[in-house]
Asks: 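Structure incoming, see below.
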Amino acid sequence: MNYILHGTDRSRMEQRIEAIKHKHDIQQTIDFDCLQTEQTTILQEMDSLSIFDDKKMIILHHCTFLAMKDSTKYDVEAFIKRTDPSDQLIMIFCADCEKLYERRKTVKQLASMSTVYACMPLDDQSRRSFVMEKAKEKGMQIDRQTIDWICSRIGYDSLHIENEMEKLSLYSQKPTIADCQQLITPEPTDNVFKMVDALFSRNALLLLSYYRNFRQQNMEPVAIVALLASQIRFLFQVHVYVEQGMSQAEIAKILHAHPYRVKINAQRAQNFTSQELLDQLVSLATFDQEMKRGQIDKDEGFEQFVLKMLDA
């Protein structure tokens with residue numbers, strides 16, 4: 001039995017692997033990195049299955065032989081010949097690509113003999129579907145308004161979403177918005193995005209509002225400033241690479257970042273100049289040092305810092 005998982009969202013891929021393990025009641029797996037393992041080693045492991053053995057699950061990572069650019073040079077036909085229609089030998093092929101290269105006949109044939117799952121980064125539409133899917137899996141009934149509230153605050157990380165939905169399901173099978181407000185932890189990155197927008201649109205009241213929301217979540221001012229600076233620094237890096245003519249995929253690889261994060265920041269970076277971003281980073285670094293040296297009260301200092309910065 002074969003499964004093919006392809007896409008660029010590693011967390012969704014790991015979630016799918018765990019779901020497959022649970023489905024087949026597998027306790028231990030055998031993992032191979034195709035970029036570092038000879039195919040003969042994998043084939044020997046596949047051939048070693050005995051009729052007296054328990055189920056065996058083999059997970060192959062970095063299966064570039066399923067993508068357009070193949071750096072493994074594996075013989076896909078060898079996997080096709082060894083496909084077991086039963087669930088005694090379960091193969092999971094993980095390919096870090098948006099699409100399988102089915103122009104290659106062997107890839108198309110292997111895909112036709114496998115259950116294929118796309119593991120792509122969530123966007124607004126797929127996030128809503130993912131939230132509803134998790135609600136259904138956990139037997140929850142959630143009305144439309146509550147789904148809207150969840151989606152507006154839960155972020156795009158699939159693992160974070162699953163954990164939050166699990167927590168919510170343990171509390172109620174019919175959660176309300178009030179329940180969600182008590183239980184769901186908003187994704188900090190989303191609010192940091194909004195803080196950056198408020199900063200560069202010179203909206204002091206909105207910026208301070210997001211700051212106070214973070215403080216209500218018991219986040220220290222030093223951590224908030226670090227988070228804000230980290231986001232602006234990432235924006236600056238994306239801005240520079242975009243100006244150099246690099247594609248979003250190339251930028252994601254260089255920065256070791258999630259492709260969706262690069263996409264969102266590439267859109268936001270168009271609203272700022274490189275100098276604006278650098279100036280804000282310098283201001284935040286100065287304020288950070290003043291806080292750490294005790295030269296300024298953290299909360300009052302942040303408010304004064306914001307008002308001074310926006311008056312400049």
Side-chain angles (χ1 to χ4, degrees), residues 1-122 126 129-130 133 137 158-159 162 247-250 252-253 256 258-260:
M1 180 175 291
N2 297 334
Y3 293 90
I4 295 178
L5 313 183
H6 70 92
T8 55
D9 190 323
R10 175 54 57 177
S11 63
R12 293 192 73 183
M13 199 171 286
E14 292 297 332
Q15 285 175 299
R16 182 61 67 180
I17 290 172
E18 289 301 315
I20 295 171
K21 287 169 61 177
H22 179 74
K23 175 182 177 181
H24 295 282
D25 193 24
I26 301 293
Q27 301 301 317
Q28 292 185 328
T29 64
I30 303 168
D31 290 65
F32 292 105
D33 184 337
C34 295
L35 297 178
Q36 300 179 9
T37 308
E38 294 290 335
Q39 186 180 15
T40 53
T41 302
I42 298 170
L43 298 179
Q44 287 172 2
E45 187 63 48
M46 295 176 69
D47 292 336
S48 68
L49 183 67
S50 164
I51 60 173
F52 302 106
D53 289 337
D54 293 330
K55 294 178 183 178
K56 177 185 288 188
M57 177 177 285
I58 299 176
I59 304 174
L60 304 186
H61 302 277
H62 302 127
C63 296
T64 62
F65 53 84
L66 297 177
M68 181 183 298
K69 296 181 180 179
D70 179 14
S71 54
T72 63
K73 307 305 179 184
Y74 278 16
D75 176 16
V76 182
E77 186 70 31
F79 293 126
I80 294 173
K81 291 178 179 179
R82 288 169 172 77
T83 295
D84 183 354
S86 72
D87 63 353
Q88 286 301 108
L89 175 60
I90 303 165
M91 296 293 299
I92 300 182
F93 301 88
C94 301
D96 303 318
C97 58
E98 293 187 6
K99 295 181 180 180
L100 301 178
Y101 191 58
E102 295 194 34
R103 290 186 179 182
R104 196 176 294 128
K105 291 183 179 179
T106 51
V107 173
K108 185 174 183 179
Q109 186 177 356
L110 183 62
S112 69
M113 302 168 65
S114 310
T115 301
V116 180
Y117 293 106
C119 302
M120 299 302 295
L122 298 175
S126 59
S129 299
F130 188 73
E133 175 189 331
E137 284 180 5
S158 56
L159 184 58
E162 183 162 26
S247 68
Q248 292 180 10
E250 290 172 325
K253 186 175 181 179
H256 303 289
H258 196 290
Y260 187 77

Asks: Quick test of your reading of the model: are Lys81 and Glu77 salt-bridged, counting only N-O distances below 4.0 Å?
Replies: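 No, Lys81 and Glu77 are not salt-bridged.
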
Asks: Taking the basic N atoms (NZ, or NE/NH1/NH2) and the acidic carboxylate oxygens, is any pair closer than 4.0 Å for Glu250 and Lys253?
Replies: no

Asks: Counting C-beta onward and ignoring hydrogens, is there a side-chain heavy-atom pair between Arg82 and Met91 closer than 4.5 Å?
Replies: no

Asks: Report yes if some heavy atom in the side chain of Ile92 is under 4.5 Å from a heavy atom in the side chain of Arg16; otherwise report no.
Replies: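 Ile92 does not reach Arg16 side chain to side chain.
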
Asks: Quick one, Met120 and Thr8 - any side-chain contact, counting heavy atoms below 4.5 Å?
Replies: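 The answer is yes; the side chains approach within 4.5 Å.
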
Asks: Kindly check if the number of other-residue, nucleotide or ligand heavy atoms within 6.0 Å of CD (Glu133) is above 12?
Replies: yes

Asks: Does Tyr74 have any ring pair (Phe, Tyr, Trp, His ring centres under 6.0 Å) partners at least two apart in sequence or in another chain, and if so, which?
Replies: Phe65

Asks: Closest approach of Ala78 and Gln39, non-hydrogen atoms and distance?
Replies: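 Minimum heavy-atom separation between Ala78 and Gln39: CB-NE2, 3.8 Å.
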
Asks: Report the distance from atom NE2 of His6 to atom SG of Cys94, rounding to the nearest 0.5 Å.
Replies: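 Interatomic distance, His6 NE2 to Cys94 SG, rounded to 0.5 Å: 11.5 Å.
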
Asks: Rounded to the nearest 0.5 Å, what separates atom CD in Glu98 from atom SG in Cys119?
Replies: 12.5 Å

Asks: Please work out whether the ring planes of Phe93 and Phe79 are parallel, tilted or perpendicular, with thresholds of 30° and 60°.
Replies: perpendicular

Asks: Working to the nearest 0.5 angstrom, can you tell me the gap between Thr106 OG1 and Asp75 CG?
Replies: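 Between Thr106 OG1 and Asp75 CG, I get 8.0 Å after rounding to 0.5 Å.
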
Asks: Provide the closest heavy-atom pair for Asp84 versus Leu89 in the form atom of the first, atom of the second, distance.
Replies: OD2-N, 3.6 Å

Asks: If a pair satisfies side-chain hydrogen bond (donor to acceptor under 3.5 Å, both in side chains) and one of its residues is in residues 61-71, list it, with sequence neighbours excluded.
Replies: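 Of all non-adjacent pairs touching residues 61-71, those that pass side-chain hydrogen bond (donor to acceptor under 3.5 Å, both in side chains) are Asp31-His61, Asp33-His62, Thr64-Asp70, Thr64-Ser71, Asp70-Thr72.
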
Asks: Out of curiosity, Met57 CE to His24 NE2, how far, rounded to the nearest 0.5 Å?
Replies: 5.5 Å

Asks: Which atoms form the tightest heavy-atom contact between Val107 and Val76, and what is the distance?
Replies: N-CG1, 4.4 Å

Asks: If you round to the nearest 0.5 Å, how far is CD1 of Ile58 from CG of Leu43?
Replies: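 It comes to 9.0 Å.
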
Asks: Search all heavy atoms of Ser158 against all heavy atoms of Arg12 and return the closest pair with its distance.
Replies: OG-CG, 3.0 Å

Asks: Can you confirm whether Leu66 sits close enough to Leu110 that some side-chain heavy atom of one is under 4.5 Å from a side-chain heavy atom of the other?
Replies: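 The answer is yes, as the side chains (C-beta and beyond) meet within the 4.5 Å cut-off.
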
Asks: So do the side chains of Arg10 and Asp96 get within less than 4.5 Å of each other, counting heavy atoms only?
Replies: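 The answer is yes; the side chains approach within 4.5 Å.
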
Asks: Going by side chain to side chain contact (heavy atoms under 4.5 Å, CB included), Ile59 matches just one of Ile17, Leu5, Ile30. Which one?
Replies: Ile17

Asks: Verify, without hydrogens or angle tests, whether Arg104 (side chain) and Ala67 (backbone) share a donor-acceptor contact under 3.5 angstrom.
Replies: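 Side chain of Arg104 to backbone of Ala67: a pair is present.
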
Asks: Is a side-chain N or O of Lys56 found less than 3.5 angstrom from the main chain of Glu45, in a donor-acceptor match?
Replies: yes

